**Q** 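Handing you a structure now.
The shown structure was predicted, so the numbers you read here are calculated from the model rather than taken from an experiment. The chains referred to below are lettered A, B, ... by the order of the sequence lines, with proteins before strands, and numbering in each begins at 1.
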There are 2 protein chains.
Amino acid sequence: MENSVFKALAHPARRQVLTMLRKGPRLAGDLAAEFEASWPTMSRHLAVLKDADLITAERQGNQILYRVNTSVLEDAASALLGLIGRDEGDDQLKEAAE
Amino acid sequence: MENSVFKALAHPARRQVLTMLRKGPRLAGDLAAEFEASWPTMSRHLAVLKDADLITAERQGNQILYRVNTSVLEDAASALLGLIGRDEGDDQLKEAAE
DNA sequence: CTGGCGATTAGCATTTTTGCTAATTAGCAG
DNA sequence: CTGCTAATTAGCAAAAATGCTAATCGCCAG
C-alpha cells in the first residue's frame, strides 16, 4: 500500500505525470504525447500510478481520462513529515502542524 | 538529485531506518541489529540513504553514527505537496520532475 | 459487420536493485 | 606487531523495473 506509493514515486516520468495532472485531469494520449517514451511505456507508468492509487482512470468513450488522487499524495507527504524527528513515537500523523 | 531521494525512499527497510533515526542518531550496528537482513545488506541500504543525502555518517572511534537529514526529508515532502494542485496556502518549492 | 483510433497487454531483452557470503578496511587494546 | 570488533566493499545470483515492438482490446462511425 504505502510501499507501492513510494515505489511509484521513484520514477521521474511518473512524478512528471503527476505534475502534469496537477492542473487538472488529462487524457492518456495527451499525457503520452509529451514524453519521449513510447506509448506502451507510458501506459505502464500510468498503470503503476493507478496501482498505487495515485491516479484514477475514467473511460470517456474512446479515450481514458486520468486524474490525480490528492489524498494519497497528501498521505505520502504526511508520512515523510512524520519521519522528521519529533518527540512522539507514531509513524502516522495527519497534520502538518505548522 | 530529487530522483535519488525518492528512489531511496522506495524501499521499506530504508524508510524504516529513517523511522528509527527519528528519535535521534544511532550506530550502524544498532540499526542493523533490528533487521532480519544481513549486516552487509543493511550497510548498503545505509549507503543508498547517504547517497541520497537523507542521512549523514559520523565516525565515532570504532563505530559509525548515523543521523537523519531532516532538511532533505522536508524538501521531499514539499515536493509531494507541490504536486497537489491546491491553490490555497503554501506553494513554495522547486519542481520534483526530472 | 468492418475499419480505424485510443489505449492496454504480451512477450522479450536490458538494466537496476536486492541480498547473500566472503574478503577487506578501520580503529582500538594489549 | 597481533588479535578483536565494527562496518564496508567485492563479487555473484536472483528478482524486479524499464522500455521496446507486436498483438490485442474497447469503442465508435459508417
Side-chain angles (χ1 to χ4, degrees), chain A residues 1-21 24-69 72 76, chain B residues 1-21 24-69 76 96-98:
Chain A
M1 4 162 62
E2 192 100 306
N3 191 32
S4 64
V5 171
F6 284 111
K7 266 184 163 174
L9 290 169
H11 199 288
R14 291 192 291 259
R15 290 198 302 278
Q16 199 173 339
V17 166
L18 293 177
T19 301
M20 288 176 180
L21 291 179
R26 299 186 66 176
L27 299 171
D30 198 17
L31 289 166
E34 305 209 22
F35 285 86
E36 299 243 328
S38 70
W39 252 52
T41 293
M42 286 315 298
S43 199
R44 183 151 56 172
H45 280 313
L46 292 172
V48 170
L49 287 167
K50 198 173 72 173
D51 237 51
D53 215 30
L54 277 162
I55 60 176
T56 57
E58 183 191 338
R59 262 218 117 90
Q60 300 239 322
N62 211 3
Q63 0 199 37
I64 296 183
L65 191 70
Y66 282 101
R67 83 185 70 221
V68 69
N69 189 346
V72 173
Chain B
M1 321 343 179
E2 284 279 5
N3 193 32
S4 64
V5 171
F6 284 112
K7 265 183 159 176
L9 290 169
H11 198 289
R14 292 193 290 259
R15 289 198 303 276
Q16 199 173 338
V17 166
L18 293 177
T19 301
M20 288 176 180
L21 292 179
R26 298 188 66 177
L27 299 171
D30 199 17
L31 290 166
E34 304 209 22
F35 284 86
E36 298 248 327
S38 72
W39 210 334
T41 292
M42 285 316 297
S43 200
R44 183 151 56 172
H45 279 313
L46 292 173
V48 171
L49 287 167
K50 199 173 71 173
D51 236 52
D53 215 28
L54 278 163
I55 61 176
T56 58
E58 183 191 339
R59 259 220 120 88
Q60 300 236 321
N62 212 2
Q63 359 197 39
I64 296 183
L65 191 70
Y66 282 100
R67 85 184 69 222
V68 69
N69 189 347
E98 274 280 328

**Q** Please give, in whole Å, the distance from C:dG27 P to B:Leu27 CG?
**A** 16 Å
**Q** For the pair made of CG in B:Leu49 and P in D:dT8, what is the distance, rounded to whole Å?
**A** 12 Å
**Q** Using whole Å, what does the distance between atom P of nucleotide C:dG6 and atom CZ of A:Arg26 come to?
**A** 16 Å
**Q** Under 3.5 Å between N/O atoms: give me all the protein pairs with nucleotides 12-17 of chain D, atom names plus distance.
**A**
| from | atom 1 | to | atom 2 | distance (Å) |
| --- | --- | --- | --- | --- |
| D:dA17 | OP1 | A:Lys7 | NZ | 3.3 |

**Q** Tell me, yes or no, whether the heavy-atom count around B:Gln60 atom CD, taken from other residues, nucleotides or ligands under 6.0 Å, exceeds 12.
**A** yes
**Q** So, do A:His45 and A:Phe35 sit near enough that their side-chain heavy atoms are less than 4.5 Å apart?
**A** no
**Q** Can you tell me how far C1' of D:dT5 sits from CD1 of B:Ile64, to the nearest Å?
**A** 13 Å
**Q** Polar atoms only, N or O, under 3.5 Å: list the protein pairs with nucleotides 25-30 of chain D and their distances.
**A**
| from | atom 1 | to | atom 2 | distance (Å) |
| --- | --- | --- | --- | --- |
| D:dG26 | N2 | A:Asn62 | OD1 | 2.7 |

**Q** Of all the nucleotides listed (C:dA7, C:dC20, D:dT8), which has the minimum atom distance to the side chain of B:Ala37?
**A** C:dC20
**Q** Tell me what A:Tyr66 touches on the nucleic acid: a base, only sugar-phosphate, or nothing, going by heavy atoms under 4.0 Å.
**A** sugar-phosphate
**Q** Please determine, for the side chain of B:Ser43, which listed nucleotide (D:dT9, D:dT21, C:dA7) has the closest atom?
**A** D:dT9
**Q** Indicate the atoms forming the closest heavy-atom contact of A:Tyr66 with A:Ala28, along with that distance.
**A** CE1-CB, 3.7 Å
**Q** Out of D:dA7, C:dA7, D:dT9, which nucleotide sits closest to the side chain of B:Pro40?
**A** D:dT9
**Q** Please tell me if the side chains of A:Asn3 and B:Arg15 come closer than 4.5 Å, counting only heavy atoms from C-beta onward.
**A** yes
**Q** Can you measure A:His45 atom NE2 to C:dA7 atom P for me and round it to whole angstrom units?
**A** 17 Å
**Q** State the CZ-CZ distance between B:Arg26 and B:Arg67, to the nearest 0.5 angstrom.
**A** 14.0 Å
**Q** Rounded to whole Å, how long is the line connecting atom CD of B:Gln63 with atom C1' of C:dA29?
**A** 15 Å
**Q** At under 4.0 Å, does any side-chain N or O of A:Thr41 touch on OP1 or OP2 of D:dT18?
**A** no
**Q** Evaluate the side-chain proximity of B:Leu31 to B:Met20: yes if any heavy-atom separation is below 4.5 Å, no if none is.
**A** yes
**Q** Do the non-hydrogen side-chain atoms of B:Asn69 and B:Leu54 ever get within less than 4.5 Å of each other?
**A** no
**Q** Provide the closest heavy-atom pair for A:Ser4 versus A:Ala52 in the form atom of the first, atom of the second, distance.
**A** O-CB, 3.5 Å
**Q** With a 4.5 Å cut-off on side-chain heavy atoms, are A:Leu9 and A:Arg14 touching?
**A** no
**Q** Can you check the B:Ile55 CD1 to D:dT8 C1' distance for me, whole Å?
**A** 13 Å
**Q** Taking atom P of D:dT18 as reference, at what distance in whole Å does atom CD of A:Glu36 sit?
**A** 17 Å
**Q** If each of A:Ser38 and B:Asp30 is mapped to the nucleotide of DNA chain D with the nearest heavy atom, which maps nearer the 5' terminus, i.e. the 5' end?
**A** B:Asp30
**Q** When the nearest nucleotide of DNA chain D is assigned to B:Gly29 and to A:Ala10 on a heavy-atom basis, which residue is associated with the more 5' position?
**A** B:Gly29
**Q** First locate atom OG1 of B:Thr41, then atom CD of B:Glu36, and finally report the distance between them rounded to the nearest 0.5 Å.
**A** 12.0 Å
